[in-house]
Number of protein chains: 4
Amino acid sequence: MAQADAARPLRKDAQINRERLLEAARELFAAKGLDVTLNDIAHHAGVGVGTAYRRFANKGEIIDALFEERLQAVEAVAREALDEPDPWLALTSYLRRTLRMQFGDRGLHQIMDDPTLGDERINDVRVRIAPLIVELVERAKTAGAIRDDFAPTDVTFIQSAMAPIMDSTRDVAPDLYERYLTFILDGIRSDRQVSLLPAPALSSAITHSAMTRKRRSRSAT
Amino acid sequence: MAQADAARPLRKDAQINRERLLEAARELFAAKGLDVTLNDIAHHAGVGVGTAYRRFANKGEIIDALFEERLQAVEAVAREALDEPDPWLALTSYLRRTLRMQFGDRGLHQIMDDPTLGDERINDVRVRIAPLIVELVERAKTAGAIRDDFAPTDVTFIQSAMAPIMDSTRDVAPDLYERYLTFILDGIRSDRQVSLLPAPALSSAITHSAMTRKRRSRSAT
Amino acid sequence: MAQADAARPLRKDAQINRERLLEAARELFAAKGLDVTLNDIAHHAGVGVGTAYRRFANKGEIIDALFEERLQAVEAVAREALDEPDPWLALTSYLRRTLRMQFGDRGLHQIMDDPTLGDERINDVRVRIAPLIVELVERAKTAGAIRDDFAPTDVTFIQSAMAPIMDSTRDVAPDLYERYLTFILDGIRSDRQVSLLPAPALSSAITHSAMTRKRRSRSAT
Amino acid sequence: MAQADAARPLRKDAQINRERLLEAARELFAAKGLDVTLNDIAHHAGVGVGTAYRRFANKGEIIDALFEERLQAVEAVAREALDEPDPWLALTSYLRRTLRMQFGDRGLHQIMDDPTLGDERINDVRVRIAPLIVELVERAKTAGAIRDDFAPTDVTFIQSAMAPIMDSTRDVAPDLYERYLTFILDGIRSDRQVSLLPAPALSSAITHSAMTRKRRSRSAT
DNA sequence: TATGAATGAGTGTTCATTCAT
DNA sequence: CATGAATGAACACTCATTCAT
């Protein structure tokens with residue numbers, strides 16, 4: 001009764017509140033992860049909790065909406081990638097750009113890490129994205145750019161694989177995940193070239209200090 | 001089996017309960033992640049909450065104990081890998097075996113994904129493992145088996161990258177993560193060979209149904 | 001009535017609940033001491049626990065609020081006593097009136113007995129009361145009404161000394177503590193008069209039965 | 001079945017354990033108050049908790065036993081006081097000596113502050129002490145040393161009145177309670193003399209710092 | 001319609017007491 | 001008999017969600 005899907009456009013102020021809530025959620029989720037309370041989100045958005053519950057049935061809903069929005073952006077990127085004439089570049093730029101989108105958003109990471117999150121509407125977007133990815137992959141294969149046993153569904157898993165890396169190195173080596181993406185791409189490209197790595201490996205000293213820092217800040221909470 | 005060595009040996013029944021608690025924790029963490037309550041763990045182990053708190057100072061302690069035990073096993077695998085004469089096999093078998101260990105344990109995933117979890121004892125084990133990995137990687141490089149820009153710290157990140165894949169496909173395609181490990185290994189091997197993939201790609205239909213199933217079982221909880 | 005002044009005024013229903021909680025706390029603290037649970041207080045006030053925690057950050061806060069309110073009343077009594085022209089009457093009426101206030105409130109006793117309870121705000125009130133007492137005592141000394149070696153800080157200790165007496169005789173001889181206050185006042189007055197005791201001594205029979213009754217009602221809890 | 005009263009003497013080792021437990025309880029109660037756990041007491045006594053429960057039905061029992069023992073010592077003091085030929089000295093030395101006994105024992109204070117603690121056996125001792133106090137008071141009255149309206153039951157209340165004073169000043173001014181005892185004694189002596197006070201008043205500065213210190217150490221816990 | 005007050009089940013944790021070893 | 005492991009009710013406190021204003 002409350003949450004209008006795409007149907008029946010929301011009243012303008014309601015729409016504004018919805019937008020504000022999503023923005024607040026994005027910021028807080030990005031900064032502190034999915035555990036922030038709905039109270040915090042609502043206040044960060046400048047509205048009361050009640051309003052949040054008028055726009056979203058529950059906390060999951062707001063997460064879903066955010067994920068949906070993000071996926072819609074992913075969909076857009078996929079469409080743009082299809083405009084790229086070079087099939088290899090099309091595929092890899094899709095990967096690079098969507099991964100960059102995930103980066104810097106703690107909440108989005110959690111979501112991409114945990115496939116149990118997300119609802120039907122999310123799937124709808126996924127369903128729309130799937131054929132675009134199929135197209136990207138098929139073109140690359142047809143062009144002989146990638147190995148033959150590579151499949152479209154592999155793309156998503158590659159994306160999700162970067163999540164833990166981003167998550168644990170965001171502060172100390174923001175580009176590190178691209179290093180591992182490169183390993184993978186070098187593993188699937190047909191020309192067997194060895195790419196220059198876009199980021200140096202993390203030194204064990206940094207690894208250690210980064211982890212210690214995290215632990216500190218955590219126990220402070 | 002883990003802490004009992006150093007401390008004065010627990011009474012037999014206490015030892016049994018300790019074991020039961022760890023086993024219950026492992027199962028529940030594996031099944032539902034680290035958020036399960038200590039109450040659930042205790043009851044799953046067939047003991048009262050108080051008993052859990054007699055054996056472990058707090059929830060973190062039980063996680064640490066589990067992680068320590070697991071990491072000690074990882075350490076053992078690393079040592080065994082060093083006995084393998086073929087440097088490439090040594091490195092890859094270490095990866096394959098430890099990943100297989102992670103598999104099936106949701107909690108272990110979370111722990112390996114989140115370096116803020118775990119205490120000093122955990123770090124001690126990490127510190128012991130690090131040089132073993134360095135050795136594995138150096139040998140492989142010296143033998144010309146892997147690319148020169150590969151670094152020992154890459155090993156851990158590769159491991160963590162498999163986590164979300166395992167996590168989302170455990171039920172429908174348990175071996176799938178090996179497919180992506182292979183992509184990576186093909187990306188770092190010097191001979192530029194293209195390996196046979198150990199698992200077929202997931203069909204998009206399966207992808208969809210798997211996720212839906214997960215969501216169901218979750219909302220049932 | 002207490003904190004609401006400074007902060008933005010609470011919504012009317014919130015204010016009512018706040019009042020109810022304080023009243024419930026006062027009653028239960030009075031009846032059973034400071035160990036009552038916040039759950040009990042909330043339910044006694046006819047609200048849920050959550051409400052109690054919305055109004056007060058923690059159990060200590062509610063105690064502080066109560067104590068502050070009480071101490072403000074004590075402050076008022078001290079100011080009124082200073083209006084009394086007869087210095088002896090001023091001092092003794094302050095003592096009698098404040099002790100009467102303490103009477104019947106087990107929690108207030110505990111608080112006045114234990115200086116470790118109470119926060120900054122409490123101390124602020126204490127700081128405001130201190131000079132008033134100094135004035136009361138100095139006047140009485142100047143007028144030659146009390147012995148010269150009496151000091152302002154003695155007043156508070158005399159008050160606290162009555163606590164255990166009140167506490168143990170509240171039900172059987174509510175005025176008994178005034179008997180001991182009189183002994184003390186007779187010990188500090190300069191004219192060396194012997195006052196008529198305001199309450200007869202407790203017979204040993206009553207002493208015994210009173211204590212037994214208390215023990216009964218306690219073990220029932 | 002377990003706890004032998006005065007009847008059937010305990011086996012020697014049992015007796016020793018009982019003694020040890022009481023001593024441990026006395027020390028811990030004195031040092032930390034009545035809230036210490038029975039576990040701590042047992043371990044401090046060098047025995048297991050189970051043993052403590054074999055000797056005492058529950059925690060209350062051990063408190064009672066302690067109080068009983070203490071009261072027996074009080075009884076002894078009363079008998080000794082009766083040997084004092086000067087009736088005023090007899091009464092006052094009884095008060096001074098028993099108060100000194102209370103002093104330094106946090107647990108004993110709590111017990112004397114809270115008349116709901118203590119059981120039947122305690123009363124038995126009280127019953128034995130009562131006539132001794134009656135005798136002390138009657139002698140003093142007959143000798144014309146104290147006011148006529150003073151009653152034997154007043155003695156106990158005077159004792160209990162000192163408890164909160166001792167408790168709050170133990171660390172900063174151990175003798176302070178004697179100051180207030182003197183006020184009272186000056187209030188009941190017939191000769192209307194004004195005694196030299198055995199302790200100076202607490203300065204308000206000390207009062208404040210003492211309280212602050214207490215609060216500090218408390219919040220540290 | 002927007003607000004934020006109210007709710008209470010649920011969380012980690014403690015401790016008096018019981019009972020198997 | 002002594003031990004200490006086991007128990008679970010109880011506590012202070014949090015937060016997703018509902019509902020009166």
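Order of the sequence lines fixes the chain letters, A, B, ..., with proteins taken first and strands second; residue numbering starts at 1 for each chain.
Using a 4.5 Å cut-off on side-chain heavy atoms (C-beta onward), Arg20(A) and Asn17(A) make contact. Residues Asn58(B) and Glu61(B) form a side-chain contact, since some pair of their non-hydrogen atoms from C-beta on lies under 4.5 Å apart.
In this structure, Asp40(C) and Gly48(B) both approach DNA chain F, and ranking their closest nucleotides by distance from the 5' end singles out Gly48(B).
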Can you list, pair by pair, the side-chain donor-acceptor contacts under 3.5 Å of residues 32-39 of chain A, counting residues two or more places apart and other chains?
{"residue": "Thr37(A)", "atom": "OG1", "partner": "Asn39(A)", "partner atom": "N", "Å": "3.4"}
{"residue": "Thr37(A)", "atom": "OG1", "partner": "Asp40(A)", "partner atom": "N", "Å": "3.0"}

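Atom pair Ile63(D):CD1 and dA16(E):C1' shows a separation of 12 Å (rounding to whole Å applied). Computed from coordinates, the Ile41(D) CD1 to dC15(E) P distance equals 12 Å when rounded to whole Å. The nearest whole Å value for the distance from the CG atom in Leu21(A) to the P atom in dA2(E) is 10 Å. One atom, CZ of Arg20(D), and another, P of dA2(F), lie 11 Å apart when rounded to the nearest Å. Leu34(C) has its CG atom 15 Å from the C1' atom of dA12(F), to the nearest Å. One interatomic measurement links the two molecules: CD of Gln15(C) to C1' of dG4(E), which rounds to 15 Å at whole-angstrom precision. A straight line from CZ of Phe56(A) to C1' of dT1(E) spans 16 Å, rounded to a whole angstrom.
The distance from the CG atom of Leu21(C) to the CD1 atom of Ile16(C) is 12.0 Å, given to the nearest 0.5 Å. The CD1 atom of Ile41(A) lies 6.5 Å from the NZ atom of Lys59(A); values are rounded to the nearest 0.5 Å. Atom CZ of residue Phe29(C) and atom CZ of residue Arg70(C) lie 12.5 Å apart, to the nearest 0.5 angstrom.
Applying the side chain to side chain contact (heavy atoms under 4.5 Å, CB included) test to Arg54(B) and every residue at least two apart in sequence or in another chain returns nothing. Listed by chain and residue number, Glu23(D), Glu69(D) satisfy the salt bridge (charged side-chain N to carboxylate O under 4.0 Å, His left out) test with Arg26(D) (two or more places apart in sequence, or in another chain). Residues passing the side chain to side chain contact (heavy atoms under 4.5 Å, CB included) test with Ala65(D), sequence neighbours excluded: Arg18(D), Leu22(D), Phe56(D), Arg121(D).
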Could you encode protein contacts along nucleotides 16-21 of chain F as a string, one character per nucleotide from 5' to 3', using B for base contact, S for sugar-phosphate-only contact and - for no contact, with a heavy-atom cut-off of under 4.0 Å?
-> SBB---

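Contact between the side-chain N/O atoms of Arg54(D) and the OP1/OP2 oxygens of dC1(F) is not found at any separation under 4.0 Å. Residue Thr51(B) has no polar side-chain atom (N or O) positioned under 4.0 Å from OP1 or OP2 of dA5(F).
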Pairing pattern in dot-bracket form [Watson-Crick, G-U; both distances under 3.5 Å; | = partner strand] for DNA chain E | .||||||||||||||||||||

